[in-house]
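Keep in mind it's a predicted model, so treat the numbers as computed, not measured. The chains referred to below are lettered A, B, ... by the order of the sequence lines, with proteins before strands, and numbering in each begins at 1.
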2 protein chains.
Amino acid sequence: MKVTDLARKLSITPDSVRYYTRIGLLNPRKNHTNGYRDYGQRDQLRLNFILSARQLGFSIDDIEQIIGIANQGETPCPFVRELIAQRLAETEEKFNSLVKLREQMSLALTQWKEEPNKEPTADMICHLIENFEHG
Amino acid sequence: MKVTDLARKLSITPDSVRYYTRIGLLNPRKNHTNGYRDYGQRDQLRLNFILSARQLGFSIDDIEQIIGIANQGETPCPFVRELIAQRLAETEEKFNSLVKLREQMSLALTQWKEEPNKEPTADMICHLIENFEHG
DNA sequence: GTTGACTTGTGAGTTACTCACAGGTTTAGC
DNA sequence: GCTAAACCTGTGAGTAACTCACAAGTCAAC
């Protein structure tokens with residue numbers, strides 16, 4: 001398979017496939033007659049794994065580590081379990097700050113409906129922002 | 001004021017103050033006897049504005065544009081109103097994908113409690129990830 | 001006068017791609 | 001057989017908003 005074929009099969013861009021190849025997560029054979037990469041069944045499975053892991057919130061670095069463990073013949077499952085707990089906790093944190101941000105923003109949007117526009121002064125750029133009463 | 005003084009006043013790191021200075025959002029005077037930056041009242045107001053805007057989800061680039069408008073003597077308020085509506089919409093989108101991610105992750109955590117660890121094979125790195133039944 | 005705690009400007013690292021580029025290859029149509 | 005379009009290669013750079021590191025200069029306290 002050429003890069004575009006593999007990309008199409010898994011509904012991603014050829015550039016992403018090239019990226020995973022560049023960083024060594026995919027290891028296609030090289031067609032020596034034309035220099036093209038030749039992706040096989042193994043690469044497709046591997047890419048599928050990568051995409052599943054990404055969907056679950058694992059980072060590229062996580063994925064490299066998981067693969068590294070598996071390559072040594074050990075089960076990566078315990079590591080994967082630990083990791084997802086960590087990543088979930090981080091996601092919860094992000095989630096919480098995003099909730100707060102969203103609240104602030106929509107509060108501002110509401111409050112500002114009652115406010116006029118003002119010209120800037122030496123001490124003030126935008127009174128909306130500067131005088132916003134955050135919760 | 002020196003960099004650390006200003007940083008301490010607004011509870012951020014000296015490095016952040018240096019960063020805002022480096023990209024031109026702050027313009028301290030230069031003490032020519034020692035080369036140190038000398039931040040004044042104006043810089044403190046400016047930094048306060050920057051931090052307020054960042055808290056409301058504006059990007060550094062947004063802030064530069066807002067300041068640019070104010071520097072031309074025009075009111076940046078209409079622009080600011082448009083911008084926050086846009087940024088809020090983006091935040092909602094991020095929020096929605098984060099909600100989905102969080103669901104997936106905690107679903108995985110739950111499902112995996114029933115699953116054993118497995119050794120990797122030629123076709124499988126981690127069955128937990130590969131066989132995860134996402135919603 | 002020495003030590004420790006500052007300061008400067010600048011370069012690089014962070015994440016996971018995405019885009020661009022110069023140059024080589026393949027394919028379809030004529 | 002020829003040409004143009006559409007592919008492929010490896011690599012460098014761009015993204016956001018800091019954060020860290022470094023070499024070299026300065027200041028404060030003892």
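D:dC20 atom C1' lies 16 Å from atom CD1 of B:Ile12, rounded to whole Å. One atom, CZ of B:Arg37, and another, P of D:dT26, lie 15 Å apart when rounded to the nearest Å. Atom OH in B:Tyr36 sits roughly 14 Å away from atom P in C:dA5 (whole-Å rounding). Computed from coordinates, the B:Leu101 CG to C:dA16 P distance equals 12 Å when rounded to whole Å. Here the P atom of nucleotide D:dC18 and the CD1 atom of B:Ile23 are 8 Å apart, to the nearest Å. At whole-Å resolution of the value, CE in B:Met1 and P in C:dC6 are 17 Å apart. In this structure, CG of A:Leu26 is placed 15 Å from P of C:dA16, rounded to the nearest angstrom. Computed from coordinates, the A:Asp61 CG to C:dT15 P distance equals 7 Å when rounded to whole Å.
Side-chain atoms of B:Arg22 and base atoms of C:dG11 include a donor and an acceptor less than 3.5 Å apart.
With hydrogens and angles disregarded, no donor-acceptor distance shorter than 3.5 Å links the side chain of A:Asn96 to the backbone of A:Glu93. Although no hydrogens or angles enter the test, the distance criterion places no donor-acceptor pair under 3.5 Å between the side chain of A:Arg18 and the main chain of A:Val3. Between the B:Gln44 side chain and the B:Tyr39 main chain, no donor and acceptor come within less than 3.5 Å of each other.
Between A:Thr33 and A:Thr13, the residue anchored closer to the 5' end of DNA chain C is A:Thr13, taking for each the nucleotide with the nearest heavy atom. Nucleotides of DNA chain D nearest to B:Lys2 and B:Tyr20 differ in position, and the one nearer the 5' end is that of B:Tyr20. Between B:Asp38 and A:Ile60, the residue anchored nearer the 5' end of DNA chain C, judged by the nucleotide with its closest heavy atom, is B:Asp38.
Screening B:Leu128, B:Leu109, B:Ile129 against A:Ile84 for a side-chain contact (heavy atoms from CB on, under 4.5 Å) leaves a single residue, B:Leu109. The only option from B:Asn31, B:Leu26, B:Thr21 that meets the side-chain contact (heavy atoms from CB on, under 4.5 Å) definition with B:Arg37 turns out to be B:Thr21.
For B:Tyr19, counting side-chain heavy atoms from C-beta on, the closest listed nucleotide (D:dC8, C:dG9, D:dA17) is D:dA17. With distances taken from any side-chain atom of A:Lys30 to the nucleotides D:dT9, C:dT8, C:dC17, the minimum falls on D:dT9. The side chain of B:Asp15 approaches D:dC20 more closely than any other nucleotide in the set D:dC20, C:dT18, C:dA16. Comparing C:dA16, D:dT9, D:dT26 by their nearest atom to the side chain of B:Asn34 picks out D:dT26.
Nucleic acid contact class of B:Arg18 (heavy atoms, under 4.0 Å, all strands): base.
Side-chain N/O atoms of B:Ser16 include one lying less than 4.0 angstrom from OP1 or OP2 on D:dT19.
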